[in-house]
Amino acid sequence: MKSIVKTLTAAALGLVLLAGCTNLPSDSTRLTERTAPITMNSVVFSDYNLSRTWDGGIFGDGERYRLTVAQHGQRATPTGTTEVYAVLRNHTDYDYQVEARTQFFDQDGVPADVKPTWQRLTVSANSLATYRELSTSTQPLQYRVEVRELN
């Protein structure tokens, strides 16, 4: 009889734990960054392990970041093109190999300039690194920089 009670107790405990797992885990694909509207003149992490927030995880809402954007912006070059920069900050004790690319858009939000290509960048442990990209057009442009971890 005791073994049946122990088995039923273990099964009930297992069901309670499984019921608690119906909340979204922190690695859920339904992260706020994945559903956020696309914004111009911004830097986003397309690799959600680098910097992410989540709603409704097992332990509630939360945030985890390994890299953050210290600052970003654009400026005109002497030739009239646009230079975009993003300063990335590493909050860990490990070097991170990342890739970044810039998509340029005209003032109407239409993709402009050349097809973006990924550039490699090392962000040393507990330090800063700067990513830069130049446009080929002299028209006024908006930008969106994507950052991902190099695999």
Side-chain angles (χ1 to χ4, degrees), residues 10 13-151:
L13 180 61
L15 287 173
V16 168
L17 288 175
L18 283 176
C21 291
T22 59
N23 287 334
L24 295 175
S26 61
D27 62 351
S28 169
T29 58
R30 292 191 279 169
L31 301 169
T32 56
E33 289 88 354
R34 293 184 188 210
T35 58
I38 293 175
T39 57
M40 295 296 141
N41 300 333
S42 62
V43 179
V44 296
F45 290 95
S46 58
D47 183 342
Y48 299 101
N49 288 323
L50 294 176
S51 181
R52 65 181 175 182
T53 57
W54 61 88
D55 298 324
I58 292 174
F59 301 109
D61 298 346
E63 182 174 313
R64 176 188 308 161
Y65 55 88
R66 294 181 178 120
L67 296 181
T68 57
V69 180
Q71 64 183 30
H72 65 92
Q74 67 181 353
R75 61 184 176 187
T77 66
T79 60
T81 60
T82 300
E83 178 188 38
V84 169
Y85 67 93
V87 180
L88 303 175
R89 180 178 177 190
N90 184 345
H91 296 271
T92 71
D93 294 331
Y94 305 97
D95 293 350
Y96 269 96
Q97 299 285 322
V98 297
E99 291 180 311
R101 69 179 179 182
T102 302
Q103 175 73 56
F104 288 100
F105 298 87
D106 67 16
Q107 296 304 310
D108 295 322
V110 176
D113 220 36
V114 296
K115 182 178 177 181
T117 57
W118 291 102
Q119 294 181 29
R120 293 181 179 185
L121 179 70
T122 300
V123 187
S124 299
N126 297 302
S127 67
L128 303 172
T130 303
Y131 161 79
R132 297 174 190 270
E133 181 67 77
L134 294 171
S135 72
T136 58
S137 173
T138 57
Q139 70 180 15
L141 297 173
Q142 303 176 83
Y143 66 92
R144 184 170 191 262
V145 177
E146 295 175 325
V147 179
R148 68 181 182 189
E149 189 171 3
L150 181 63
N151 293 324

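Since this is a predicted model, take the numbers as computed values, not measurements.
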Roughly how far apart are [X] [atom1] and [Y] [atom2], rounded to 0.5 Å?
| X | Y | atom1 | atom2 | value |
| --- | --- | --- | --- | --- |
| Ile38 | Phe105 | CD1 | CZ | 7.0 Å |
| Arg75 | Thr81 | CZ | OG1 | 11.0 Å |
| Asp106 | Gln139 | CG | CD | 6.0 Å |
| Leu150 | Trp118 | CG | CH2 | 10.5 Å |

Between [X] and [Y], do the side chains contain an N or O donor and an N or O acceptor separated by less than 3.5 Å?
| X | Y | answer |
| --- | --- | --- |
| Thr102 | Tyr131 | yes |
| Asp93 | Asn126 | yes |
| Tyr143 | His72 | yes |
| Ser135 | Ser137 | no |
| Thr77 | Glu83 | no |

Measure the shortest side-chain to side-chain distance between [X] and [Y] over non-hydrogen atoms and say whether it is less than 4.5 angstrom.
| X | Y | value |
| --- | --- | --- |
| Phe104 | Thr82 | yes |
| Val123 | Asp95 | no |
| Val69 | Val43 | yes |
| Leu67 | His91 | no |
| Val147 | Leu88 | yes |
| Arg132 | Val84 | no |
| Phe45 | Glu149 | no |

- Message: Would Arg148 and Glu146 count as a salt bridge (Lys or Arg N to Asp or Glu O under 4.0 Å) here? Give the steps.
- Response: CA-CA 7 Å; Arg148 68 181 182 189; Glu146 295 175 325; over 6 Å; no
- Indicate yes or no: does Glu99 engage Arg101 in a salt bridge with an N to O separation below 4.0 Å. no
- Query: Can you check whether Ser124's main-chain N or O pairs, donor with acceptor, with Asn90's side chain at less than 3.5 Å?
  - Reply: yes
- Nearest heavy-atom approach of Gln97 to Thr122 is NE2-OG1, 2.8 Å
- Apply side-chain contact (heavy atoms from CB on, under 4.5 Å) to the pair Tyr85 and Gln71, showing each step before the final yes or no. CA-CA 8 Å; Tyr85 67 93; Gln71 64 183 30; 4.0 Å; yes
- Query: Which one of Gln74, Gln119, Gln103 satisfies the side chain to side chain donor-acceptor pair (under 3.5 Å) criterion with Glu133?
  - Reply: Gln119
